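Numbering starts at 1 and runs along the sequence shown. Treat the numbers as computed from the prediction; the structure is a model and nothing was measured.
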Amino acid sequence: QVQLVESGGGLVQPGGSLRLSCAASGFTVSSSAMRWYRQAPGKERELVAIITTGGNTDYADSVKGRFTISRNNAKNTVYLQMNSLKPEDTAVYYCNKYVGGYWGQGTQVTVSS
């Protein structure tokens, strides 16, 4: 069955970096559109980044130029490289398989000094 397992979250100071991983099983990430979302306390879940089957990417305006979505087909894993982190990036980050609407359990990212 489809399973998504996120990791890599944690506490980081403003200006720092983190790399989130989404390990997939039950399907191949290279043949699936994949997305990263985030949800901050008291806010709705928002789309952060997309990678298509063709490898095209797109980002929310709030993270453009700072975040990079990528995938490693051999490891069947999708990544979210986050640089120049800001306190407003604090949220639970979720990996999503677009077709079928599958979600991981989420990983907490906290940006604070």
### Query
Per the side-chain contact (heavy atoms from CB on, under 4.5 Å) rule, which among Ile50, Val48, Leu47, Ile69 passes with Tyr59?
Ile69
### Message
Donor-acceptor check, side chain of Arg66 to backbone of Ser84, threshold 3.5 angstrom: yes or no?
### Response
yes
### Message
For Gln13, is there any backbone N or O sitting under 3.5 Å from a side-chain donor or acceptor partner on Ser113?
### Response
no
### Task
Determine whether more than 12 heavy atoms belonging to other residues, nucleotides or ligands lie under 6.0 Å from atom CD of Glu88.
yes
### Message
Counting neighbours of NZ on Lys43 that are heavy atoms of other residues, nucleotides or ligands and sit closer than 6.0 Å, is the number greater than 12?
### Response
no
### Query
How are the rings of Phe67 and Tyr93 set to each other: parallel, tilted or perpendicular (split at 30° and 60°)?
tilted
Rounded at 0.5 Å granularity, tell me how far [atom1] in [X] sits from [atom2] in [Y].
X	Y	atom1	atom2	value
Gln1	Ser25	CD	OG	7.0 Å
Thr90	Gln108	OG1	CD	7.5 Å
Arg19	Met82	CZ	CE	11.5 Å
Glu6	Leu20	CD	CG	8.5 Å
Ser32	Ile51	OG	CD1	11.5 Å

Please name the pair of heavy atoms, one in [X] and one in [Y], separated by the smallest distance, quoted to 0.1 Å.
X	Y	value
Ala40	Ala91	N-CB, 3.8 Å
Cys22	Trp36	CB-CZ2, 3.6 Å
Val2	Lys97	CG1-CD, 4.2 Å

Are [Y] and [X] co-members of a hydrophobic cluster defined by side-chain heavy atoms under 4.5 Å apart?
X	Y	result
Tyr102	Val78	yes
Tyr37	Val109	no
Trp103	Leu4	no
Leu80	Tyr94	no

#### Entry: Listed once per pair and sorted, the side-chain hydrogen bond (donor to acceptor under 3.5 Å, both in side chains) pairs that draw on residues 71-81, sequence neighbours left out
Arg71-Asn73, Gln81-Asn83
### Criterion side chain to side chain contact (heavy atoms under 4.5 Å, CB included) on Lys64 and Asp58, from CA distance to verdict
CA-CA 8 Å; Lys64 204 168 288 186; Asp58 201 6; 4.3 Å; yes
### Query
After noting the C-alpha distance and the side-chain angles of Ser17 and Val12, does the key distance pass the side chain to side chain contact (heavy atoms under 4.5 Å, CB included) rule?
CA-CA 7 Å; Ser17 298; Val12 63; over 6 Å; no
### Message
The test is salt bridge (charged side-chain N to carboxylate O under 4.0 Å, His left out); show your working for Asp89 and Lys86 and say whether it passes.
### Response
CA-CA 5 Å; Asp89 295 317; Lys86 305 175 181 180; over 6 Å; no
### Task
Take Arg45 and Arg38, measure what side chain to side chain contact (heavy atoms under 4.5 Å, CB included) needs, and give me the verdict at the end.
CA-CA 6 Å; Arg45 193 170 294 189; Arg38 67 185 180 188; over 6 Å; no
